Number of protein chains: 2
Amino acid sequence: MRLNDTGGRQSRITIHDLAAAAGVSISTASKALNDAGRVGEETRERVKRIALEIGFRPNALARGLLSKRSFTIGLLTNDTYGRFTLPVMAGISEALVDHGVSVFLCAIEDDPTLGQIHVDAMLDKQVDGIIASGKRLDRRLPVDLSSLPVPVVYAFTEGTPGSVSFRSDDAQGARLAMEWLIALGRSRIAHITGPESFFSVCERASAYREIAGDSEPVLYGAWAEAWGHEAVGRIWSRAGEKPDGIFCGNDQIARGVVDALRERGVKVPEDVSVVGFDNWEIVAAQTRPPLTTVDMELKELGRQAGLTVLALAEGRPVEPGVRKLPCRLVVRQSCGGACKV
Amino acid sequence: MRLNDTGGRQSRITIHDLAAAAGVSISTASKALNDAGRVGEETRERVKRIALEIGFRPNALARGLLSKRSFTIGLLTNDTYGRFTLPVMAGISEALVDHGVSVFLCAIEDDPTLGQIHVDAMLDKQVDGIIASGKRLDRRLPVDLSSLPVPVVYAFTEGTPGSVSFRSDDAQGARLAMEWLIALGRSRIAHITGPESFFSVCERASAYREIAGDSEPVLYGAWAEAWGHEAVGRIWSRAGEKPDGIFCGNDQIARGVVDALRERGVKVPEDVSVVGFDNWEIVAAQTRPPLTTVDMELKELGRQAGLTVLALAEGRPVEPGVRKLPCRLVVRQSCGGACKV
DNA sequence: CTGAAAGCGCTTACAG
DNA sequence: CTGAAAGCGCTTACAG
């Protein structure tokens with residue numbers, strides 16, 4: 001008779017213990033628990049009841065060895081800041097916990113060696129799939145994921161050709177912002193944004209251009225409050241009519257813009273409406289007035305990425321390609337217009 | 001002869017394949033790889049070389065089943081915001097990756113049910129230990145971790161009696177801030193901080209009192225920029241000498257304070273020196289001028305917590321109790337004094 | 001020095 | 001309806 005007898009931290013309850021307690025063989029115990037095979041109804045009930053009583057939980061390592069499924073996936077990210085990865089991660093975790101899947105988090109900075117170590121560690125642990133995530137749509141992770149023995153899905157980072165990847169629809173997000181400004185009666189809308197080298201900057205800028213026209217200048221700069229400040233200085237010091245709306249490339253820039261306007265005595269939102277991008281709470285909600293801004297719905301993005309690796313891991317077919325997820329406008333006070341159209 | 005022949009995604013290379021390729025038994029292959037048992041030097045080398053060539057990597061699930069070690073730990077946190085957990089997590093991951101340990105991240109919000117599900121999932125997966133982390137030193141996670149079959153370490157959250165827990169030394173951090181202000185010649189130092197219900201608020205406040213004396217008032221409020229603003233308004237509108245230094249309970253408050261002072265025409269750091277707490281980059285670095293602030297060294301805290309669960313998991317003895325880790329002053333421009341004492 | 005055997009905890013054909 | 005046997009991929013006494 002096997003018992004918890006190793007001394008020290010007691011050894012866990014195994015299916016042997018359960019079978020013994022229920023007076024059946026381990027194969028019957030197994031089948032009863034999993035609602036598999038032929039087992040008498042009464043026996044099945046009894047085994048299940050006793051399993052609960054003695055607190056039996058199957059060892060996932062043993063199961064994984066047989067089933068070739070570890071119910072584990074890896075999340076690889078180079079976003080140390082965590083600004084983008086955290087919501088993505090929360091979405092993944094939320095979507096997968098219901099399926100019994102746990103997530104390994106691997107922060108690899110931009111170190112290829114570290115990246116490889118983490119990938120190897122995950123593969124050794126037989127992850128069912130990997131989600132690669134980052135902080136830029138137009139940058140690859142510093143590690144090659146193209147020919148792994150497990151499925152890979154990309155979220156908020158550039159994927160390899162033929163892969164499945166998820167990203168926000170930045171053009172649609174920009175349109176949301178512009179349409180909101182226009183609906184509020186703004187007609188001279190400026191665009192102050194980040195570095196032109198960013199793909200998302202270009203995408204937002206061309207959506208802006210499509211609506212605002214080619215004559216309007218786009219001001220490219222750093223992703224920083226200071227740049228928002230400086231840009232306002234530039235616009236307000238040049239001749240001609242001033243904008244009555246400003247669409248900013250992110251919330252930090254928007255905050256700089258709002259602060260700079262206030263310091264010049266320009267009222268937000270009375271004189272000028274300002275929209276941000278990212279809906280980064282700590283910035284957007286603390287700005288005076290709080291920012292109306294575009295939310296990229298990263299949690300939803302994570303959720304879909306999670307469900308997709310899962311599908312792939314289970315061998316279900318998934319169309320390769322880039323999936324763009326719609327953004328959502330979050331209305332606070334920097335534009336006026338209390339309610340959404 | 002076993003081969004990769006499952007069709008579809010090729011099955012992984014096993015020790016059988018390695019043994020066959022090297023012309024030895026699987027036991028010899030195993031011993032050669034692990035530098036265990038008696039194996040001829042030449043054989044050992046050959047097995048290792050071939051393992052590398054064919055890309056053999058042992059299945060961690062199989063190893064774990066035997067060794068009772070999964071080389072996996074779980075990180076449980078209710079800090080959705082991720083402000084505290086991310087650095088802690090980075091430290092844990094960094095410390096453990098060298099030991100081949102991967103980290104499951106479980107964000108449980110404040111939901112006890114979700115917490116239990118994650119804990120069960122981690123135990124099923126045979127984690128070697130669990131690190132519980134949070135956003136407040138004086139709050140428990142909404143799930144009982146006191147009698148788990150694996151070791152538990154608490155980081156930046158309250159532990160159960162008799163457990164091992166890590167936290168920042170907030171009193172020492174507060175002293176760092178105050179001593180820095182005093183060294184810069186400030187003598188009338190105010191303290192604007194968060195809600196009195198927070199343990200860390202009380203600890204920082206009493207360290208402040210020890211240095212500033214009992215006569216100085218501590219202004220308690222919300223953890224928000226708006227409160228920093230308001231507090232400055234209160235202080236500057238009352239009679240008597242104004243402070244020449246302000247020690248703030250966190251960076252958000254400090255930012256509100258700095259903005260409010262600027263708006264009143266009070267110069268920072270010329271007229272008043274301001275110190276924050278947290279060293280939250282997005283706030284501290286973007287303030288004008290950037291904040292001198294106290295860093296809780298959460299990454300180091302994570303590192304130590306990680307190494308400690310590992311020690312516990314390996315059966316090495318660890319003193320129970322609360323370990324306070326020293327904070328570090330980060331000097332930027334909000335105090336003057338270009339270089340650290 | 002090398003290999004056959006047993007076993008980690010579980011599941012799944014296959015007999016009875 | 002139930003159980004003995006084989007096996008997932010590996011390690012570790014134990015023989016040879």
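Computed from a predicted structure; not experimentally measured. Just so it is clear: chains get the letters A, B, ... in the order the sequence lines come, proteins before strands, and each one is counted from 1.
Here the separation of C/dG9 from D/dT2, taken at their P atoms, is 25 Å to the nearest Å.
Note on residues 148-167 of chain A: pairs passing salt bridge (charged side-chain N to carboxylate O under 4.0 Å, His left out), not counting sequence neighbours, are A/R140-A/E158, A/R167-A/D170, A/R167-A/E203. Residue pairs satisfying the ring-ring contact (aromatic ring centres under 6.0 Å, His included) criterion with at least one member in residues 50-74 of chain A, sequence neighbours excluded, are absent. Among residue pairs with one or both ends in residues 52-61 of chain A, those qualifying as side chain to side chain donor-acceptor pair (under 3.5 Å) are A/R49-A/E53, A/R57-B/D124; sequence neighbours excluded. Here ring-ring contact (aromatic ring centres under 6.0 Å, His included) pairs that include residues 122-159 of chain B, with residues two or more places apart or in two chains, are B/F84-B/F156. Counting only residues at least two apart or on different chains, the ring-ring contact (aromatic ring centres under 6.0 Å, His included) pairs with a member in residues 94-117 of chain B are A/F104-B/F104. Counting only residues at least two apart or on different chains, no salt bridge (charged side-chain N to carboxylate O under 4.0 Å, His left out) pair has a member in residues 24-34 of chain B.
Secondary-structure stems of DNA chain D, taken as three or more successive Watson-Crick or G-U wobble pairs (i with j, i+1 with j-1) under a 3.5 Å distance threshold, comprise C:1-3 with D:14-16, C:5-12 with D:5-12, C:14-16 with D:1-3.
Counting to the nearest Å, the P atom of C/dC1 and the CZ atom of B/R38 are 6 Å from each other. Rounded to whole angstrom, the span from the CG atom of B/L65 across to the P atom of C/dG7 amounts to 14 Å. Here the P atom of nucleotide C/dG9 and the CG atom of B/L123 are 16 Å apart, to the nearest Å. What separates CG of B/L18 from C1' of C/dG3 is a distance of 15 Å, to the nearest Å.
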For this session: Just do the side chain to side chain contact (heavy atoms under 4.5 Å, CB included) check on A/V101 and A/T72 with the steps written out, would you?
Result: CA-CA 5 Å; A/V101 175; A/T72 277; 5.7 Å; no

Exercise. Tell me, for nucleotides 10-16 of chain D in 5' to 3' order, what letter each nucleotide earns: B for a base near a protein heavy atom under 4.0 Å, S for only sugar-phosphate near one, - for neither?
Worked result: BBBB---

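Distance from the side chain of B/V24 is smallest for C/dG3 among the nucleotides D/dG3, D/dT2, C/dG3.
Residues satisfying the side chain to side chain donor-acceptor pair (under 3.5 Å) criterion with B/R46, sequence neighbours excluded, are absent altogether. When the side chain to side chain donor-acceptor pair (under 3.5 Å) test is applied to A/T308, no partner is found at least two apart in sequence or on another chain. Remark: B/N34 pairs with B/S30, B/A36, B/R63 by the side chain to side chain contact (heavy atoms under 4.5 Å, CB included) rule, at least two apart or across chains.
For the segment residues 39-47 of chain B, the set of residues with a heavy atom within less than 4.0 Å of an atom of DNA chain D is empty.
Counted by atom type alone, A/T85 and A/T77 present one or more donor-acceptor pairs between their side chains at under 3.5 Å.
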